[in-house]
Q: 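What follows is a structure written as structure tokens; I'll ask about it next.
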Amino acid sequence: MAGQAGSQENKARPGQRRMAQWTRDYARLPGIPDEYIGENGAPRAVWARFFDAFAALSPADIERRFASADRHLREAGVTYRAPGETADRLWPLSHLPLIIDENDWQQLTTGIAQRAQLLEMVLRDLYGEGRLVAEGRGCPPRRLPAATNIYARFAASSRRADAFSISMPPTSPWP
């Protein structure tokens with residue numbers, strides 16, 4: 001009976017062996033937050049589910065998908081420019097995603113929405129009434145933002161995209 005249970009478990013988790021091969025040399029760094037390995041030393045459940053699906057792909061399928069993603073970024077002209085440089089660089093893509101479980105994602109979206117609302121209020125004031133600048137609340141003098149081309153283009157545009165960088169703090173998983 002125990003042999004059958006083990007065989008059923010292998011069928012339920014086809015990626016388990018491949019995941020073990022791919023990650024055999026992976027080690028959590030002491031004192032550093034880790035998205036893959038939990039505090040208990042085991043892979044987080046969301047990663048186990050991902051690797052189960054990922055391991056079902058053949059090496060050729062994986063290679064083809066990675067190459068397709070790289071080609072799409074190149075053809076779409078997705079680049080960045082490092083500070084102080086004049087040449088654009090191709091955007092480097094991590095082929096493995098950052099996987100965040102649903103509970104952590106809910107917490108992050110609440111914080112991101114709050115920051116976006118604050119940014120919207122600050123920008124509305126900066127391009128409008130100017131109370132923050134007039135009252136000296138940590139904003140630059142009014143003449144500085146108005147003197148830049150970026151400010152003028154932004155003020156004339158009704159379209160804006162916000163981006164927020166997130167990182168896992170030492171008090172894992174998320175604040």
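No experiment lies behind these values; they were computed from the predicted model shown.
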Q: Quick check: is Leu93 connected to Leu98 through a chain of hydrophobic side chains (ILVMFWY, heavy atoms under 4.5 Å apart)?
A: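 No.
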Q: Within the distance-only criterion (no hydrogens, no angle test), does the side chain of Arg89 pair as donor or acceptor with the backbone N or O of Ala82 below 3.5 angstrom?
A: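 Flag not set: sc Arg89 to bb Ala82 has no pair under 3.5 Å.
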Q: For the atom pair CD (Glu63) and NE2 (His95), what is the distance rounded to the nearest 0.5 Å?
A: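 If I round to the nearest 0.5 Å, the distance is 9.0 Å.
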Q: Indicate, with yes or no, if Trp22 and Val46 share a hydrophobic cluster defined by side-chain heavy-atom contacts under 4.5 Å among Ile, Leu, Val, Met, Phe, Trp and Tyr.
A: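 Shared cluster, yes.
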Q: Determine yes or no for a side-chain-to-main-chain donor-acceptor pair under 3.5 angstrom, with Arg124 supplying the side chain and Leu119 the backbone.
A: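 Not a single qualifying donor-acceptor pair exists.
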Q: Quick check: do Phe51 and Tyr36 have side-chain heavy atoms less than 4.5 Å from each other?
A: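 Counting from C-beta outward, Phe51 and Tyr36 do come under 4.5 Å.
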Q: Taking all non-hydrogen atoms of both residues into account, name the closest pair between Asn40 and Ala42 and its distance.
A: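 Nearest pair, atom of Asn40 first, then Ala42: OD1-N, 2.9 Å.
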Q: Under 4.0 Å between a Lys/Arg side-chain N and an Asp/Glu carboxylate O for Asp61 and Arg64?
A: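 Arg64 and Asp61: salt-bridged.
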Q: Phe66, Leu90: one ILVMFWY side-chain cluster at the under-4.5 Å cut-off?
A: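 No, because Phe66 and Leu90 fall into different hydrophobic clusters, even though each may have its own neighbours under 4.5 Å.
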Q: Has the side chain of Arg65 got a donor or acceptor atom that lies under 3.5 Å from a matching backbone atom of Ile62?
A: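 Judged by distance alone, no pair lies under 3.5 Å.
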Q: Find the distance between CD (Glu35) and CG (Asp104) and round it off to the nearest 0.5 Å.
A: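 Between Glu35 CD and Asp104 CG, I get 10.5 Å after rounding to 0.5 Å.
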Q: If I take atom CD1 from residue Ile99 and atom CZ from residue Arg44, how far apart are they, to the nearest 0.5 angstrom?
A: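 One gets 11.5 Å once the value is rounded to the nearest 0.5 Å.
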Q: List the steps, then state whether side chain to side chain contact (heavy atoms under 4.5 Å, CB included) holds for Tyr26 with Ile37.
A: CA-CA 9 Å; Tyr26 186 88; Ile37 302 291; 3.5 Å; yes
Q: So do the side chains of Asp52 and Trp47 get within less than 4.5 Å of each other, counting heavy atoms only?
A: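 No, their side chains stay 4.5 Å or more apart.
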Q: Using the salt bridge (charged side-chain N to carboxylate O under 4.0 Å, His left out) criterion, which residues pair with Arg81? Sequence neighbours excluded.
A: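 Partners of Arg81 under the salt bridge (charged side-chain N to carboxylate O under 4.0 Å, His left out) test: Asp88.
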Q: Would you say Leu57 ends up clustered with Phe50 if hydrophobic residues are merged whenever their side chains have heavy atoms under 4.5 Å apart, either directly or through other cluster members?
A: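 Yes; Leu57 is reachable from Phe50 via cluster members.
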Q: About how many Å separate CZ of Arg71 and CG of Leu73, when rounded to the nearest 0.5 Å?
A: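 The CG atom of Leu73 sits 11.0 Å away from the CZ atom of Arg71.
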Q: Got more than 12 heavy atoms from elsewhere within 6.0 Å of CD, Glu85?
A: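 Yes, the 6.0 Å shell around CD holds more than 12 heavy atoms from other groups.
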Q: With rounding to the nearest 0.5 Å, note down the distance linking CD1 in Ile100 to OG1 in Thr109.
A: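 Here the rounded value is 10.0 Å.
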